[in-house]
Every structure is written in C-alpha cells, then in structure tokens.
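In this text, all values refer to a predicted model and were calculated from it rather than measured experimentally.
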Amino acid sequence: MSDMMNGSVFEPDRPCGSARASELVSIERMSYGSAAVGRLSDGKTVFVEGAAPGDVVEVEVVEDKRTYARGRISRIVEASPQRADMVKCSEACGGCPWAHLSYEAQLASKRDAVIDALCRVARFDRARAVDVVAPCVASKRQWGYRNKLEMAAGKDSAGRFTLGFYREGTHDVVSVKSCPLANRYIERAPKALRGALRFLSSSQDLGIYRVGVRSSLRTGKTEVALWTPPSAFPRTAVAKTIQDALKASSVVRVLAEPGSARKVKKIEALEGKGVWEEKLCDARFFTAAPSFFQVNTAQAEKLVNLVIEGLEIEQGMYIADLYAGGGTFSIPMARLGADVVAVEVAGSSIRDLRRNAEVNNVELEAVCGDTAVELPELGELDALVVDPPRSGLAKGVVGQIVAAAPARVAYVSCDPQTWARDVALFEGEGYRLVRATPVDMFPQTYHIETVALLSRKTASKSFIPV
C-alpha cells in the first residue's frame with residue numbers, strides 16, 4: 001500500500017537545512033491515489049500531483065520523508081502524450097484529480113492498480129495477475145455520469161451560509177458553481193441550492209450542515225436531502241424554495257447530529273414521497289435517504305451483468321447476497337429464478353430492499369443483520385455475492401463463506417487493497433481467483449470498482465470465466 005500515503009504511518013521529515021533542490025523527474029505511472037509516481041536522483045519514490053505517465057517534469061520537493069517524498073511541478077519539460085487534450089473541470093475542489101489524463105490512460109492506470117494490488121498484497125506472480133485481470137470496462141459517459149452529489153455546508157468569510165465540497169484531505173468548504181461530473185439535471189445544483197439556502201438562512205439559522213442531491217436521467221426524478229440536528233424548522237418555506245430552485249420531486253430532512261457517526265434519528269418528507277426513483281436492469285428501485293445507491297447507474301448495470309454471467313445463475317439456485325443494500329444484485333438475480341437471501345445491516349437499506357422486491361414483484365428473503373452473525377445460519381449455498389464497504393470483509397467472514405461451500409463467489413469491491421487481502425484469504429482456503437474485471441464507475445478520479453469471480457477448487461461443476 002506504499003502508493004496510498006494517507007498519513008497512517010509516521011515517518012520523520014528530513015532535518016532542517018537539508019532541503020532538496022528541484023530535480024528533473026520522469027513520471028513512471030499513476031499511484032492508487034491522486035498523484036503520479038516518479039523517482040528522484042537518489043532513487044527515492046516521489047509522488048507528484050498533476051503529473052501524467054510519460055511526463056518529464058521539474059519537481060520541487062515539498063515533503064521529504066524517509067522512504068518517499070512529495071513534490072509539485074514547477075515546470076513541464078516534456079508533456080506526455082497521455083495528457084488530456086482539454087480539461088473540462090475548472091473548479092478548485094479537487095474532485096477530478098485525474099482530469100488531466102486522457103481517458104485511455106485512466107483506464108490503463110486503473111487496471112494497473114488492480115494488478116499491482118494482487119502482486120503487492122495477495123503476493124500473486126505478476127504474470128498470473130496480468131492474465132487474470134481483464135481490461136477496465138469503460139464508462140460511456142466520462143463526464144455528467146453522477147446521479148448524486150454530497151455537499152458540505154458552512155459559513156464563508158463574511159459569515160454567510162455557503163455550500164460546496166470539502167477540499168480533498170481538509171475540512172475547508174470550496175464553493176463551486178457547478179460540478180461537471182454530475183448529470184445534467186443537477187450539474188448546477190451547488191450554485192442553485194447555495195442561493196436558495198442562503199436566502200432561507202438570512203432570517204434564521206436552519207442548522208443545515210450537509211446536503212445530498214440525487215437525480216435520475218432515466219426517471220427524471222430529483223431528490224434533495226437536508227441534514228440538520230433535531231430542532232424547530234420552517235418545513236413549508238424550505239420545501240417550496242428548494243422545489244423552485246431545483247425542480248425537486250422530493251425534499252426530505254434527515255435529522256441527525258453532526259459528526260462521523262451521524263446516527264439518523266428521523267427522516268421527514270417535506271415534499272413528495274420521501275424516496276428517489278431510479279431504473280436499473282429493467283427494474284425500479286426506490287431509495288430513501290440515507291441509503292446507498294451506486295452513483296453511476298449505467299456502470300452499475302455492468303457490475304450486475306458481470307455478476308450474473310459469472311455465477312451462471314439457473315432456476316432454483318440458492319444464492320446469498322451479502323451487504324445487499326437496496327437490492328442492486330438481489331432483485332435481478334431473483335427475477336432470473338434464483339432463491340435469494342439478502343443480508344443487510346442498515347435499517348434504511350433493508351426497508352428499501354423489501355419495498356423494491358414488492359414493487360418489482362419478486363420473491364426473496366431479506367434479512368436485517370450483520371453478515372458475520374447471519375451467514376452461519378444460511379446453510380450450504382450454490383453461489384454467493386459479496387459487496388462489502390471499502391474496509392473489505394470483516395475478520396472471520398471469509399472462513400464463514402468457505403464453510404457455506406458456494407461453488408462460486410462474486411466479490412464486488414471498491415478498494416483494490418482490501419480486496420486483494422481477501423482474495424489471498426480465499427486462495428488459502430481452497431478457492432481460486434479466475435477473473436477480475438475492473439469497471440470504471442468514477443471517470444476523472446482514481447477510484448475503481450472490481451468484480452472478482454472465484455471458484456471452489458473442489459466444485460463439481462465446471463466454472464468458465466466470462
């Protein structure tokens with residue numbers, strides 16, 4: 001994980017008086033992070049923001065640790081052909097850290113990140129890692145793909161209400177006019193909502209500290225979620241103003257105290273039904289704040305199709321969907337005739353899942369509980385889907401999956417490092433990784449989703465990777 005310098009490991013700075021002079025650096029590759037990677041004259045790895053593989057740049061070292069350094073570009077000596085012809089985003093929030101790369105370079109670097117994780121973390125031989133990782137599945141929309149924006153609220157230098165995005169790695173709110181990653185219905189939502197909420201806040205402090213916006217290109221439905229502590233609130237005035245500003249079909253208030261835990265106490269529907277509607281894989285999905293739904297709907301369909309094709313679902317197969325959310329995988333599998341049991345710990349998501357199953361007229365078992373607790377109760381499985389959070393599978397869950405003996409496992413991951421760790425555990429327990437397909441859910445960023453297909457080595461039925 002040396003490419004992800006997140007401050008978790010302390011390394012002393014270079015002593016005072018020994019600062020480096022600027023150096024010419026040839027950029028070798030992208031890290032799994034916003035920065036590119038090169039080497040200084042003494043061989044030390046240097047992370048350089050805004051650089052592209054193939055660049056030759058003059059780098060000023062701004063942070064010099066024992067085993068790595070960080071630098072900034074003072075001059076581009078030779079620009080790489082992997083640079084983008086035009087950068088669409090001009091905002092300063094840092095939400096598009098790879099926008100300076102051509103899209104082909106982004107896809108190649110994301111595949112390389114998955115290969116690198118298998119080699120570094122799972123200790124795969126590089127030849128096998130290269131063979132098992134498929135090309136990265138491109139997104140049809142490279143801009144305007146996001147169905148959701150999450151914005152932070154605060155005060156500007158004049159003490160007025162402001163709304164924007166946290167600058168990466170800080171709690172500084174950057175006020176932007178628009179977000180070109182968002183779909184056309186909500187691209188200008190930051191400016192529109194900032195103006196509306198500033199007007200509403202001029203007479204009283206509404207306590208808003210977070211604002212979420214979801215909008216679907218397929219249904220045309222837009223929902224705005226306002227996060228506030230429990231308090232008096234001008235519901236009617238807020239609903240009307242927000243509706244006028246963004247043509248929102250639903251406005252909700254999420255009552256929760258600020259902080260990292262943000263335990264939700266109540267959801268109030270100020271306007272509309274209090275849910276957001278999306279279509280995916282010919283099914284209707286209703287999602288209530290604060291439940292999770294994939295932010296790139298078209299690419300989420302590709303995730304689902306990879307899982308369905310890889311598991312070779314047949315009528316009557318007994319399949320568990322762990323960390324099931326609102327049913328992104330459960331409902332399409334159940335529609336194909338599988339006997340699906342979906343496990344999800346979040347109460348809001350399990351309510352969405354049950355509603356979505358009913359709306360789509362499918363039968364499945366929805367279990368509200370922790371995966372580690374519920375999995376041993378499911379018995380032997382024909383196949384299993386797991387889509388855990390960024391931290392990967394909790395300790396002991398791989399062993400529990402092995403005990404359930406599914407012939408095939410589809411592992412959907414949003415973090416190559418924790419995924420590779422879990423792949424190594426599966427391989428140590430009699431499973432083999434047969435295919436890993438990166439799917440680009442987040443163009444212009446370094447984030448990557450991976451669909452991995454694992455087969456039990458003693459499975460009686462042949463497993464053919466897609």
Side-chain angles (χ1 to χ4, degrees), residues 147-148 212 214 216 218-219 221 223 225 250 252 254 263-264 266-267 269 272-297 300-301 303-308 311 313 317-375 377-379 381-389 393-394 397 401 404 406 409-414 441 449 451:
N147 59 40
K148 182 183 182 182
R214 282 184 168 125
S216 168
R218 299 178 177 190
T219 68
K221 302 296 184 181
E223 179 176 84
S250 176
V252 300
V254 182
K263 186 175 181 180
V264 174
K266 185 180 178 182
I267 308 292
K273 296 179 180 179
V275 292
W276 172 67
E277 182 182 359
E278 180 60 294
K279 290 182 180 178
L280 184 145
C281 295
D282 297 322
R284 297 169 70 198
F285 287 84
F286 291 88
T287 304
S291 299
F292 172 79
F293 193 89
Q294 293 283 2
V295 303
N296 188 332
T297 303
E301 286 185 332
L303 295 179
V304 173
N305 290 333
L306 284 166
V307 167
I308 287 174
L311 295 183
I313 294 174
M317 283 179 65
Y318 180 36
I319 303 177
D321 180 10
L322 308 182
Y323 309 91
T328 304
F329 299 102
S330 299
I331 288 171
M333 291 191 301
R335 293 179 75 187
L336 291 173
D339 181 9
V340 177
V341 55
V343 180
E344 170 58 50
V345 70
S348 62
S349 291
I350 204 74
R351 289 189 291 273
D352 291 342
L353 174 55
R354 289 168 177 160
R355 177 176 51 241
N356 292 334
E358 182 178 355
V359 165
N360 290 286
N361 196 29
V362 298
E363 292 186 5
L364 54 79
E365 182 181 359
V367 178
C368 185
D370 183 80
T371 290
V373 175
E374 303 297 336
L375 181 55
E377 305 299 319
L378 303 184
L381 302 163
D382 294 320
L384 179 142
V385 182
V386 60
D387 183 10
L393 296 175
V397 170
I401 292 173
V409 174
Y411 189 142
V412 182
S413 169
C414 60
M441 302 287 289
E449 204 91 5
V451 179

Could you pull out the closest heavy-atom pair between Ala269 and Val252, with the gap in Å? CA-CG1, 4.2 Å
Kindly indicate whether the side chain of Ile401, heavy atoms from C-beta on, has any atom under 4.5 Å from the side chain of Val409. yes
side-chain hydrogen bond (donor to acceptor under 3.5 Å, both in side chains) against Glu223, all qualifying residues, sequence neighbours excluded: Ser250
Can you check whether Ala288's main-chain N or O pairs, donor with acceptor, with Ser291's side chain at less than 3.5 Å? yes
If we ignore hydrogens and angles and just use 3.5 Å, is the side chain of Asn360 paired with the main-chain N or O of Arg284 as donor and acceptor? yes
Calculate, to the nearest 0.5 Å, the distance between atoms CZ and CG belonging to Phe329 and Leu306 respectively. 9.0 Å
Output for pair (Asp382 CG, Tyr318 OH), nearest 0.5 Å, gives 9.5 Å
Checking ring-ring contact (aromatic ring centres under 6.0 Å, His included) between Trp276 and each of Phe286, Phe292, Phe285, Phe293, which is the one that passes? Phe293
Quick check: do Asp282 and Arg335 have side-chain heavy atoms less than 4.5 Å from each other? yes
Using the side-chain hydrogen bond (donor to acceptor under 3.5 Å, both in side chains) criterion, which residues pair with Ser413? Sequence neighbours excluded. none
For a side chain to side chain contact (heavy atoms under 4.5 Å, CB included) check, start with the C-alpha distance between Val307 and Leu303, then their side-chain angles and the critical distance, and finish with the verdict. CA-CA 6 Å; Val307 167; Leu303 295 179; 5.7 Å; no
How far apart are the C-alpha atoms of Glu278 and Thr297, what are their side-chain angles, what is the distance that settles it, and do they pass the side chain to side chain donor-acceptor pair (under 3.5 Å) test? CA-CA 8 Å; Glu278 180 60 294; Thr297 303; 2.7 Å; yes
What distance separates Leu384 CG from Leu378 CG, expressed to the nearest 0.5 Å? 8.5 Å
Going by side-chain hydrogen bond (donor to acceptor under 3.5 Å, both in side chains), name the residues that satisfy it together with Glu301, two or more places apart in sequence or in a different chain. Arg218
Kindly give the heavy-atom pair with the smallest separation between Cys368 and Val345, and that separation in Å. SG-O, 3.9 Å
Minimal heavy-atom distance between Ala289 and Ala225, with the atoms involved, is CB-CB, 4.1 Å
Look up atom CG in Leu280 and atom OG1 in Thr328, then write down how far apart they are to the nearest 0.5 Å. 6.5 Å
Does the Thr219 side chain pair with the main chain of Glu277, one donor and one acceptor, at a distance under 3.5 Å? yes
Among Val412, Thr371, Val385, the one residue meeting side chain to side chain contact (heavy atoms under 4.5 Å, CB included) with Tyr323: Thr371
Looking at residues at least two apart in the chain, or sitting in another chain, which of them share a side-chain hydrogen bond (donor to acceptor under 3.5 Å, both in side chains) with Thr287? none
To the nearest 0.5 Å, atom CG of Leu364 lies from atom CG of Leu353 at 5.5 Å
Can Leu375 and Val343 be said to form a side chain to side chain contact (heavy atoms under 4.5 Å, CB included), step by step? CA-CA 8 Å; Leu375 181 55; Val343 180; over 6 Å; no
I'd like to know whether Ile308 forms a side chain to side chain contact (heavy atoms under 4.5 Å, CB included) with Leu336, so could you lay out the CA-CA distance, the side-chain angles of the two residues, the decisive distance to 0.1 Å, and finally the verdict. CA-CA 9 Å; Ile308 287 174; Leu336 291 173; 3.5 Å; yes
Check Ala324 against Ala342 and note the closest heavy-atom contact, atom names and distance. CB-CB, 3.7 Å
Which pairs count as salt bridge (charged side-chain N to carboxylate O under 4.0 Å, His left out) when at least one residue sits in residues 340-352, sequence neighbours excluded? Asp352-Arg355
In short, Gln294 meets Met441 closest at the heavy-atom pair OE1-CE, 3.4 Å
OG/Ser330 to CG/Asn356 distance, rounded to the nearest 0.5 angstrom? 10.0 Å
Mind checking what makes salt bridge (Lys or Arg N to Asp or Glu O under 4.0 Å) contact with Lys148, not counting sequence neighbours? Glu150
If you compare all heavy atoms of Gly327 against all heavy atoms of Pro332, which two are closest, and at what distance to 0.1 Å? O-CD, 3.7 Å
